[in-house]
Structure formats: structure tokens, C-alpha cells
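Report on the following structure.
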Amino acid sequence: MIAILKHGTTQEQTDHLISWLQRMNLDIHVSEGAHVTILGLIGDTSRVDMELLSSLEIVESVKRVSEPFKQANRKFHPHDSVIQVGDVKIGGGHFAMMAGPCSVESEEQIIEVARAVKASGANILRGGAFKPRTSPYAFQGMKGEGIELLLKAKADTGLPIVTEIMNISTLDLFNDVDIIQVGARNMQNFDLLKELGKTNKPILLKRGLANTLQELLMSAEYIMSEGNENIILCERGIRTFETYTRNTLDLSAVSVLHDLSHLPVIVDPSHATGKAKLVPPMALAAVAAGADGLIIEVHNNPSCALCDGAQSLTPAQFDQLNKQVNRIWEAVQ
Ligand code: PEP
Ligand code: MN
């Protein structure tokens, strides 16, 4: 349930209403806009007398929110959330171009790719240090050392970095990481989500391989319910019966998520397709569909990549794509 307060309501009146609602065992989420304050009532609202609440002098209107996600819900928060990462903003008209290798492999590799993607216009560097691989015998990532190398690339280029966490026990290693990624395979690792909710780090939350959009938003809700509202949602393709592509890119997710939620939505055409050739057209389609950003795998030598070479663009291909992305972005603004 949400209560929209009238313009001109004083802080004292708002506080008074909040304590009254809290006495009904509800948690209250306050969203302050320029002209309007919205109270989100979280918990068992069955005992709230809607008519009584609506009749209060300071209350403009009261609505039941039927979706199970509350804090991620656009009804709670009509304006787009903008996530700030260093000097970079994501969402609400600010575009994020995240690019870099699937995995950090060496200092030379990550620095070379970081400089190249920055020169082409990327504003965030990606790189996996902890890699969730289907086979336990495959390269598992450089782990802590990989994060150190990402931090060197950040110092060298000034680009903020995004990298995946797999286990909360490694959280200390992420102190200087700008955005923590929760990968598709961990989208419903609820204990991990709750712990990340206690941090104030921006979280890049990827959709699970077989998860619905409502489930994705409920996972965002896990993080938000612990206090961290800095979430970027990511559509990265889902499992279908199609085998030609690695996954099936569900581009309608961008519009659906924008309708349902105020959180920024980015698209990962690399994991969605699994094929470098398909990355540019799907990246452009995602921007045309209204995505707030892209995350793209770029490798200086894709044929020798330790992970996901087949879907990685070369720096030159990325450079060309980024120019096209800028044109589409301008066109749809
Ligand atoms: C990745 O970003 O390298 C990755 C493993 O992505 P996903 O979790 O979407 O498969
Ligand atoms: Mn990858």
C-alpha cells in the first residue's frame, strides 16, 4: 500500500503519520520527490483502514500495490532512479557503457583492454575475477589477484570497475570495487543478496537463466529491504529451446522492467547471444528499446581468451559499435 501526501505537508505531520503507521507493525519507506512525498507501507497492510487513511487531511490518496515487490516498484517511486558511480551516472537519461574482458587474465591484458575501451568511449570497466564456470576444471578466475589488477586498471584509466562476487566471505576484497555484480547463477542466492543489502555499494543484478522478471524484481527487493537501493538490473538472456544462440535475449524485459520499476535496466548482449557477430545488432536493438546501458565483453585477443572468447569483441569492433550506439542513443532520447 502507498500513501501519497499532499503538497505542503510539514515534516512534523509526516513524522506523526509515520509513527501512527509504525504502531501497526508496518515498516515505512519514505520517498521524497520535489513536490510530493510518498509513503510505502511494508508488511501486513490488511489491518490498515484505507478509508480512514485516505480521509486524513494530509493524505492526497492511498493505493494498494498488488505486486509483491514494494521498494523496487515504480508506484512507490515514480521517477527513474539514478545510480551514481564515481562521476558516472546510470539511469534517468544517463547511459552506462560497461566494457572489458570476461575475465581478468594478466596485468598487460586488463590494462590494454581498459585503455582501449576507454578511448572508444566506455565509462565503466568490466572484468571477472571470480568466475562461475559450468565445469570445475575450467579457468576459475584470478580471484583476489584479479581484483588487484582491476584496481590497477582503474588507477591507470580512471574508469570505475564492475566485477562479480560469488561468495559473501570475499566481500572485504571488494572495498574499492565500484559496482558489485551478482551473476545470473546467484540471482536467487538470498543470503548473498541480503548481505549485499547491508552495504552501500551499487549492485549490478543479472537476471537468472530461468527466472521471470517478477523473480528478478523480488531479488532486487531482497537487497533493497536491507537498505541498499543502488541497484542496476541486467537482462542477459534466458534459457529457451533455441540452441543457435547461447541464450535468448528477451528485449521486452527492458520495457517491462521500466514499467514496473524505477531501477535502471542495462542489457548484456554478449552472454545473451554467445556469438561476437550477434553482439552489435543486439546491442543496438537494446539501446533502441530504451536500455540505460550495455555491458559488453571485449578482449584484446579473443581467440586466446581464457573464457568466453567466442562472444568477445575486439577493441576495433567495440570502437565501431560504440559509435553506432551513440547514434541510436541520440535518436531515441
Ligand atoms: C559474466 O558477466 O561474466 C557472467 C558470468 O555473466 P552471467 O552471470 O550473466 O552469466
Ligand atoms: Mn563472460
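Counting starts at 1 for both ligands and their atoms, in listed order.
- Atoms of ligand 1 lying under 4.0 Å from any heavy atom of G183, numbered from 1 in the order shown and given with element: 8 (O).
- Note: an N/O pair closer than 3.5 Å links R126 and ligand 1 by distance alone.
- Given atom 6 (O) of ligand 1, the protein heavy atom at minimum distance is K206 NZ, 2.9 Å.
- Less than 4.0 angstrom separates some heavy atom of E297 from each of these atoms of ligand 1: 3 (O).
- Atom numbering of ligand 1 starts at 1 in the shown order; those under 4.0 Å from a heavy atom of R185 are 7 (P), 8 (O), 10 (O).
- Under the 4.5 Å side-chain criterion, counting only non-hydrogen atoms from C-beta, Q317 is not in contact with P280.
- In this structure, the protein non-hydrogen atom closest to atom 4 (C) of ligand 1 is H271 NE2, 3.5 Å.
- A salt bridge links D319 with K323: at least one charged nitrogen is closer than 4.0 Å to a carboxylate oxygen.
- Counting non-hydrogen atoms of other residues, nucleotides and ligands closer than 6.0 Å to CD of E145 gives a total of 12 or fewer.
- Of all the atoms in ligand 1, the ones that sit under 4.0 Å from a non-hydrogen atom of R236 are 7 (P), 9 (O), 10 (O).
- Distances between N or O atoms of D268 and those of ligand 1 include no value under 3.5 Å.
- Side-chain contact between Q109 and S106 is present, with heavy atoms from C-beta onward closer than 4.5 Å.
- Using a 4.5 Å heavy-atom cutoff, the side chains of E164 and F130 are not in contact.
- Partner of M98 under the side chain to side chain contact (heavy atoms under 4.5 Å, CB included) criterion, out of L159, L125, I124: I124 alone.
- The shortest N or O to N or O distance between E164 and ligand 1 is not under 3.5 Å.
- H262 pairs by the ring-ring contact (aromatic ring centres under 6.0 Å, His included) definition with H77, not counting sequence neighbours.
- Between A184 and ligand 1, at least one pair of N/O atoms sits closer than 3.5 Å.
- Atoms OE2 of E297 and OD2 of D308, as seen from the Mn ion (ligand 2), are separated by an angle of 130°, to the nearest 10°.
- None of the N, O or S atoms belonging to C307 lies under 2.8 Å away from the Mn ion (ligand 2).
- Counting atoms of ligand 1 from 1 in the listed order, those under 4.0 Å from a heavy atom of Q181 are 1 (C), 2 (O), 4 (C), 6 (O).
- Residues I90 and V85 form a side-chain contact, since some pair of their non-hydrogen atoms from C-beta on lies under 4.5 Å apart.
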I would like to know whether N73 and L260 meet side chain to side chain contact (heavy atoms under 4.5 Å, CB included); could you show each step before the answer? CA-CA 6 Å; N73 201 312; L260 295 174; over 6 Å; no

